[in-house]
Chemist: 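The structure under discussion is supplied below as structure tokens; questions concerning it will follow.
So you know, we letter chains A, B, ... as the sequences are listed, proteins then strands, and number each from 1. Values reported hereafter were calculated over all heavy atoms of this structure, with side chains retained and with hydrogens, waters and symmetry mates removed.
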Amino acid sequence: MTGDHTALHAGLGAWFAAEARPLPWRAADTTPWGVLVSEIMLQQTPASRVEAPWREWMTRWPTPGDLAAAPVDEVLRAWGRLGYPRRALRLRQSATAIVERHGGVVPEDEAALLALPGIGRYTAAAVLAFAFGRRSLVLDVNIRRVLARYHRGVEHPAAHETADERREALAFVPDRDADAALWSASAMELGAVVCTARSPRCGDCPVSEGCAWLAAGRPAWEGPARVAQAWEGTDRQCRGRIMAALRATEAAVPLTDIAWPDEAQLLRAASGLVTDGLARQTPEGLRLP
DNA sequence: AATGCGTGGAA
DNA sequence: TTTCCAAGCAT
């Protein structure tokens with residue numbers, strides 16, 4: 001291991017022990033299922049918004065079997081406004097698969113986790129590390145940004161991961177299982193609360209001394225311009241509008257009740273929701289499945 | 001491999 | 001006010 005690896009490890013460990021947010025899914029008595037649920041909810045979603053729904057879900061559906069037995073419409077209502085409701089659908093499908101294929105126990109096996117719907121490389125690695133204390137390559141946007149700055153001296157990670165980046169990141173993961181899991185949690189936390197995308201708090205950073213980006217004077221990003229995601233007037237916005245209406249009532253909702261300027265787009269969005277299994281068409285209108 | 005997929009809070 | 005972006009995944 002090179003010098004900047006060990007410096008990053010030493011500084012991060014002490015900082016995490018003192019400063020980590022008391023997020024509920026980090027409690028010692030959280031089950032692997034609880035960790036899995038948290039990781040799905042956290043995909044593209046800030047931790048602060050996940051806390052309340054995660055608590056509710058763990059009380060209501062404490063095991064995979066409980067969620068697998070729940071009606072889909074209840075699951076989608078409990079998901080509420082977390083966003084990307086397909087995640088809720090896939091989480092329930094994962095619960096079913098865990099019951100059917102793994103006896104109701106979250107598998108401690110990367111290939112088995114990857115085979116579950118809604119679980120990709122990041123989430124499988126995170127469950128291995130945070131639920132089972134195993135060494136894995138937890139590479140999310142936070143850790144990618146921390147390493148881009150600290151190790152490579154650039155402000156942002158590239159738009160897409162490369163094999164080289166994964167190899168480079170793996171070299172930072174400590175060898176022992178427990179050390180590796182703790183390091184991953186620490187690096188993520190640093191990226192989430194100090195080494196942030198927009199206004200990094202380098203003055204509060206425990207590893208600023210070894211940071212290549214800071215040493216270079218925090219040079220501005222020179223890579224390809226980052227594409228902004230459109231929102232106003234998109235199908236996504238329209239789908240969100242429809243889902244909000246469906247969650248708000250047990251009754252079927254006629255599309256004419258949904259205020260949307262483009263009728264063709266409204267029909268297309270509704271049809272897409274049905275295709276995705278997020279809605280059901282009835283003679284009286286649209287409703288949750 | 002580039003896109004589509006929700007939502008709300010901070011800057 | 002607008003813009004940016006958040007513990008990604010599937011196709």
Chemist: Between A/Glu161 and A/Arg121 (salt bridge meaning N to carboxylate O under 4.0 Å), is one present in this structure?
Modeler: yes
Chemist: Students often get this wrong, so: under 4.0 angstrom with heavy atoms, is A/Gln237 touching a base, only sugar-phosphate, or nothing?
Modeler: nothing
Chemist: When all nucleic acid strands are considered with a 4.0 Å heavy-atom cut-off, which category describes A/Arg247: base, sugar-phosphate, or nothing?
Modeler: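 Sugar-phosphate, backbone atoms only, no base.
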Chemist: Take atom CZ in A/Arg21; do more than 12 heavy atoms of anything else shown fall under 6.0 Å from it?
Modeler: yes
Chemist: Taking the nucleotide of DNA chain B with the nearest heavy atom to each, does A/His160 or A/Arg81 sit closer to the 5' end?
Modeler: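 Checking each residue's closest nucleotide, the 5'-ward one belongs to A/His160.
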Chemist: Both A/Pro117 and A/Phe130 contact DNA chain C. Which one's nearest nucleotide lies toward the 5' end?
Modeler: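 The residue closer to the strand's 5' end, by nearest nucleotide, is A/Phe130.
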Chemist: Within the 3.5 Å criterion, strictly below it, is a donor on A/Tyr122 or A/Glu39 matched to an acceptor on the partner's side chain?
Modeler: yes
Chemist: For the pair made of CD1 in A/Ile119 and P in C/dA7, what is the distance, rounded to whole Å?
Modeler: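 About 19 Å, once rounded to whole Å.
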Chemist: Salt bridge between A/Asp73 and A/Arg287, side-chain N to carboxylate O under 4.0 Å?
Modeler: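 Looking at A/Arg287 together with A/Asp73, the answer is no, because their closest N to O distance does not fall below 4.0 Å.
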Chemist: Do the charged groups of A/Arg60 and A/Glu74 touch, with an N to O distance under 4.0 Å?
Modeler: yes
Chemist: Check this for me: does any side-chain nitrogen of one of A/Arg152 and A/Glu168 sit under 4.0 Å from a carboxylate oxygen of the other?
Modeler: yes
Chemist: Scan side-chain atoms only and decide if A/Tyr150 and A/Arg145 contain a donor-acceptor pair under the 3.5 Å cut-off.
Modeler: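 Per modelled atom types, A/Tyr150 and A/Arg145 side chains form no pair under 3.5 Å.
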Chemist: What's the CG-P distance between A/Asn142 and C/dG8, to the nearest Å?
Modeler: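 Distance check: A/Asn142 CG to C/dG8 P gives 7 Å.
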Chemist: Looking at A/Arg77 and A/Arg247, would you say the former's side chain and the latter's main chain have a donor-acceptor pair under 3.5 Å?
Modeler: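 Yes, the answer is positive, given that a donor and an acceptor are paired below the 3.5 Å cut-off.
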Chemist: Which part of the nucleic acid, if any, lies within contact of A/Ala197, taking any heavy atom under 4.0 Å across all strands shown: a base, the sugar-phosphate backbone alone, or nothing?
Modeler: sugar-phosphate
Chemist: Heavy-atom contacts under 4.0 Å between residues 85-100 of chain A and DNA chain C, which residues?
Modeler: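 By residue number: A/Arg90.
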Chemist: In whole angstrom, give the distance that lies between atom CD of A/Gln229 and atom P of C/dC4.
Modeler: 10 Å
Chemist: Please state whether the base of C/dC5 and the side chain of A/Arg198 form at least one donor-acceptor pair under 3.5 Å?
Modeler: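 A donor-acceptor contact between them is absent.
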Chemist: Closer than 4.0 Å, any side-chain N/O of A/Arg145 to the OP1 or OP2 of C/dA6?
Modeler: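 Yes, A/Arg145 has a side-chain N/O under 4.0 Å of OP1/OP2 on C/dA6.
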Chemist: Under 3.5 Å, is there a donor on one side chain and an acceptor on the other for A/Gln44 and A/Arg87?
Modeler: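 Side chains of A/Gln44 and A/Arg87: no pair found under 3.5 Å.
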Chemist: With rounding to the closest Å, how many angstrom separate the C1' atoms on B/dA1 and C/dG8?
Modeler: 16 Å
Chemist: Mind checking the P distance from C/dT11 to B/dG6? Whole angstroms is fine.
Modeler: 14 Å
Chemist: At a heavy-atom distance below 4.0 Å, which nucleotide of DNA chain B is the first touched by chain A, and which is the last?
Modeler: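 Nucleotide range in contact with chain A: B/dG4 to B/dA11.
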Chemist: For A/Ala159, answer base if it contacts any base atom (sugar-phosphate contacts may also be present), sugar-phosphate if it contacts only those atoms, and nothing otherwise; contact means non-hydrogen atoms under 4.0 Å.
Modeler: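 The residue A/Ala159 makes no contact with any strand.
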Chemist: Just checking, is any N or O donor in the side chain of A/Gln265 or A/Trp260 under 3.5 Å from an acceptor N or O on the other one?
Modeler: yes
Chemist: Within residues 21-59 of chain A, find the residues that approach DNA chain B with a heavy atom at under 4.0 Å, and present them sorted by residue number.
Modeler: A/Gln44, A/Thr45, A/Arg49
Chemist: Would you call the rings of A/Phe172 and A/His9 parallel, tilted or perpendicular, taking 30° and 60° as the class edges?
Modeler: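 Answer is perpendicular, since the angle exceeds 60°.
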Chemist: For B/dC5 versus C/dA7, give the span between their P atoms, rounded off to a whole number of Å.
Modeler: 22 Å
Chemist: With a 6.0 Å cut-off on ring centres, are A/Trp61 and A/Trp33 close enough?
Modeler: no
